[in-house]
Amino acid sequence: ADAPKAPAGKVDGQYIQANAAHTREWPSYGLDYAETRFSKLKQIHAGNVRELGLVWSYDLESTRGVEATPLVVDGVMYVTAPWSVVHAVDVRTGKRLWTHDPKVDRSQAYKGCCDVVNRGVALWQGRVYVAAYDGRLIALDAASGKVLWEKDTLIDRKRSYTVTGAPRVFKGKVIIGNGGAEFGVRGYITAYDAVSGDQKWRWFTVPGDPSKPFEDESMAAAAKTWDPRGKYWESGGGGTVWNSMVFDPELNLMYVGTGNGSPWSHAKRSPAGGDNLYLGSIVALNPDTGKYVWHYQETPGDNWDYTSVQDLILADLKIDGQLRKVVMHAPKNGFFFVVDRTNGKFISAKNFVDVNWASGYDKKGRPIEVAGARDRSKPYDSVPGPFGAHNWHSMSFNPELGLAYIPAQNVPLTLGEDPSWQKHGSNVAGQPMSGTGWNTGMTINAQPPTSKAFGRLIAWDPVQQKEVWRQEHAAPWNGGTLTTAGGLVFQGTADGRFVAYHAKTGERLWESPTGTGVVAAPITYEVDGRQYVSIAVGWGGVFGLFQRATDRATPGTVYTFAVGGKAAMPAFAKYPLGDLVAGVSYDPAHVQEGTALYVSHCVFCHGVPGVDRGGNIPNLGYSSPKILRHLDRWVFKGPAMGKGMPDFTGKLTPEQVEKIKAFVQGTADAIRPKP
Ligand SMILES: O=C(O)c1cc(C(=O)O)c2c(n1)C(=O)C(=O)c1cc(C(=O)O)[nH]c1-2
Ligand SMILES: [Ca+2]
């Protein structure tokens with residue numbers, strides 16, 4: 001088929017590379033192929049950023065997490081809302097041009113670990129590509145939003161695969177991975193022809209059943225690092241590519257970050273140990289063929305849910321007097337990595353937050369593990385925890401200052417070996433979220449963690465491997481970053497602010513309220529000679545399901561700012577938090593069993609009753625007595641199924657729901673301040 005005419009008809013590889021020289025538009029996820037999120041625009045700078053004002057706001061009509069980086073080309077913004085809904089917006093007016101809702105089955109939300117989020121679209125020759133939560137890759141006509149083609153990217157619909165990441169287009173191929181390593185899947189990525197949608201190649205990240213032929217040599221090599229007695233192929237092995245992909249056209253290499261092991265427990269996956277390639281790695285592939293070229297493994301034998309899918313940034317850095325082509329990375333495990341991207345050779349690594357699992361990396365690039373860091377005989381508060389020292393919230397790199405801006409954090413959590421684990425998954429009361437298919441092989445918070453929660457913006461010098469400045473935030477789970485030639489860093493925060501900092505000093509120069517908390521990254525672009533800054537807002541993602549740092553509700557909204565903007569901010573509704581639930585009758589003898597059932601069916605979405613205060617999903621400790629009294633009506637084909645609540649028919653019995661009710665009311669009674 002011929003490429004549809006404009007809008008975005010001109011976007012191809014040449015265009016994306018040419019745009020990188022002036023960055024007037026924002027045509028791909030990380031702005032350029034290197035995903036620096038460094039804009040050369042400097043109309044907005046440290047001297048006038050205080051005059052930034054709202055130009056327009058756009059209602060995404062959503063209540064769940066908004067993680068999208070919007071793309072802007074030819075005065076049109078393409079941005080995604082939860083449930084993989086695409087919106088095209090006229091950036092001159094802030095008015096809707098079209099939307100496309102792929103109609104993901106809302107009752108299937110539980111198949112993903114971490115909210116029904118979507119990180120954005122890709123553009124290519126007049127087409128918009130979105131990867132739907134249910135695993136479909138969809139090509140839309142950029143002019144109308146009409147579907148051009150749809151491909152099912154999943155190899156096994158019985159497994160809990162979901163897609164949250166933004167596709168990328170390299171050399172005319174749309175590339176997409178998936179998530180699911182908390183449930184039991186085998187990671188892979190697939191490339192499709194951008195025009196026809198035909199599959200071009202697929203690369204698996206971990207080996208399959210070794211009694212069958214390996215797909216390629218990289219799988220044969222990887223299998224040597226897994227113990228077949230663990231029958232890891234039955235639980236999938238993990239290594240999902242759910243976020244980061246970058247491209248170096250000059251070297252003709254693309255780079256992906258791979259995820260954690262499935263199950264989390266190393267001993268259960270691979271009893272004799274082993275590195276378990278290619279978990280927790282940066283892998284270089286040939287973008288034409290999908291053939292493995294090299295890897296560098298950041299977390300050998302992952303036992304902590306240490307994904308390496310955090311965004312990768314390519315840069316040329318002068319190290320020891322030599323200009324090196326590097327890839328920079330700040331994965332969950334808390335170390336900042338600089339790796340030679342021509343060959344995968346380790347250059348340096350240094351922890352950017354306090355960590356307690358490794359004391360550093362040796363010259364060869366292997367972590368020096370702390371004694372006991374793998375011992376799960378007792379629950380262990382590993383720092384960073386599974387939320388990561390840095391999650392998917394995008395890092396940026398300012399080449400003029402040589403600084404990377406990392407949204408860093410700690411979310412305390414304890415992990416312990418789960419003796420009730422079964423390879424094929426099992427619904428065991430007390431096993432975290434096993435009722436919805438989670439299968440990590442670990443207990444979570446069987447003992448309360450002792451480490452401290454924090455959120456922090458860190459300016460990091462990758463050559464010196466040291467922090468240059470930091471800003472402490474009110475809570476973990478803050479937004480991605482953007483940096484500009486105007487000497488600025490922009491970041492949204494969990495406590496509902498959009499802030500501009502001085503890129504060199506960290507001084508806070510400007511901020512605007514955003515109502516709800518921000519998790520996505522801002523962008524900047526120029527239209528009709530005027531520079532704009534936009535950010536998509538909507539509290540959520542895995543941490544935002546059950547916790548929050550504002551007292552505001554979570555409507556998805558895009559804000560666009562410019563110097564002299566005078567539009568009024570929309571009113572921010574208060575979060576509808578009721579009183580601690582009271583007066584629902586229950587049998588106290590049910591509380592103990594109810595606790596275990598709550599852990600295996602409810603806790604990762606609804607949080608701890610009365611203790612957490614609800615994120616974009618309500619906390620049951622603050623529900624009305626009427627709802628709690630009739631909990632069975634919500635649990636079995638309930639009215640919230642259209643909003644993402646699973647149907648627990650056949651998974652829970654009415655008697656078990658009575659016990660969960662007893663736990664919720666019992667906990668609310670136990671924590672209620674005594675008069
Ligand atoms: O292992 C996986 O397959 C997988 C997938 C995803 C995802 O697709 O969003 C997340 C994670 N893991 C994960 O570990 C994690 O912390 C996480 C946070 C988020 C989010 O969007 O807030 N997704 C994911
Ligand atoms: Ca994971």
Side-chain angles (χ1 to χ4, degrees), residues 64-69 80 82 84 109-120 131-135 153-154 159-166 176-189 205-206 235-244 256-265 279-280 299 302-311 331-333 384-394 407 409-411 413 415 432-433 437-442 444 476-480 494 517-521 538-547 604-605 615-617:
R64 302 287 288 262
V66 175
E67 296 192 351
T69 297
T80 57
S84 338
Y110 70 91
K111 288 200 153 183
C113 62
C114 302
D115 201 359
V116 292
V117 292
N118 186 279
R119 297 192 194 91
Y133 187 73
D134 58 17
T153 72
L154 302 191
R159 301 230 176 211
S160 247
Y161 281 110
T162 48
V163 185
T164 57
I176 191 68
N178 46 50
E182 271 68 74
F183 298 83
V185 302
R186 183 183 180 200
Y188 63 90
I189 63 169
T205 62
V206 294
S235 43
T240 40
V241 182
W242 56 267
N243 187 47
S244 186
V256 300
T258 64
N260 55 277
S262 185
W264 288 0
S265 163
L279 297 180
T299 310
D302 169 43
N303 198 40
W304 303 266
D305 182 27
Y306 283 165
T307 69
S308 287
V309 307
Q310 285 52 47
D311 46 320
K332 268 190 187 177
N333 78 11
F387 286 85
H390 171 216
N391 208 303
W392 59 270
H393 315 86
S394 329
Q409 61 177 17
N410 184 50
V411 178
L413 211 137
L415 298 177
M433 292 312 274
W438 282 62
N439 194 27
T440 61
M442 292 204 178
I444 295 172
W477 212 247
N478 299 283
V518 185
V519 293
W539 181 242
V542 62
F543 182 76
L545 289 171
F546 59 96
Q547 299 202 31
F604 286 180
C605 294
N616 62 31
I617 295 183

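Just so you know, ligand 1 is whichever comes first in the structure, and atom 1 is the first atom listed for that ligand.
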> Which one of Gly544, Gly180, Pro386 has a non-hydrogen atom at the shortest distance from atom 3 (O) of ligand 1?
Replying inline: Gly180
> So between Thr164, Asp115, Val519, Asn118, whose heavy atom ends up nearest atom 7 (C) of ligand 1?
Replying inline: Thr164
> Would you say Phe183 contacts ligand 1, with heavy atoms under 4.0 Å as the rule?
Replying inline: no
> Quick one: angle Asn260 OD1 - the Ca ion (ligand 2) - Glu182 OE2, to the nearest 10°?
Replying inline: 90°
>> Is there a polar contact, in the sense of an N or O pair closer than 3.5 Å, between Thr162 and ligand 1?
In response: no
> From Asn391 CG over to Lys332 NZ, what is the distance, rounded to the nearest 0.5 angstrom?
Replying inline: 5.0 Å
>> For atom 23 (N) of ligand 1, what's the nearest protein heavy-atom neighbour? Residue, atom name and distance, please.
In response: Cys114 CB, 3.3 Å
> Considering distance alone, does some N or O of Thr307 sit under 3.5 Å from an N or O of ligand 1?
Replying inline: no
>> Please compare Trp242, Tyr161, Trp392 and report which has the shortest non-hydrogen distance to atom 24 (C) of ligand 1.
In response: Trp242
>> How long is the straight-line distance from CH2 of Trp539 back to CG of Asn616, given to the nearest 0.5 Å?
In response: 9.5 Å
>> Considering both backbone and side-chain atoms of Trp477, is one of its nitrogen or oxygen atoms within less than 3.5 Å of a nitrogen or oxygen in ligand 1?
In response: no
>> Could you check whether any heavy atom of Phe387 sits closer than 4.0 Å to an atom of ligand 1, since that is the contact criterion I want to use?
In response: no
> Is the shortest distance from a heavy atom of Gly112 to ligand 1 less than 4.0 Å?
Replying inline: no
>> Rounded at 0.5 Å granularity, tell me how far CH2 in Trp304 sits from CG in Leu413.
In response: 15.5 Å
>> Would the distance check show the side chain of Glu182 and the main-chain N or O of Trp438 forming a donor-acceptor pair, the cut-off being under 3.5 Å?
In response: no
> Cys113: heavy atom below 4.0 Å from ligand 1, yes or no?
Replying inline: yes
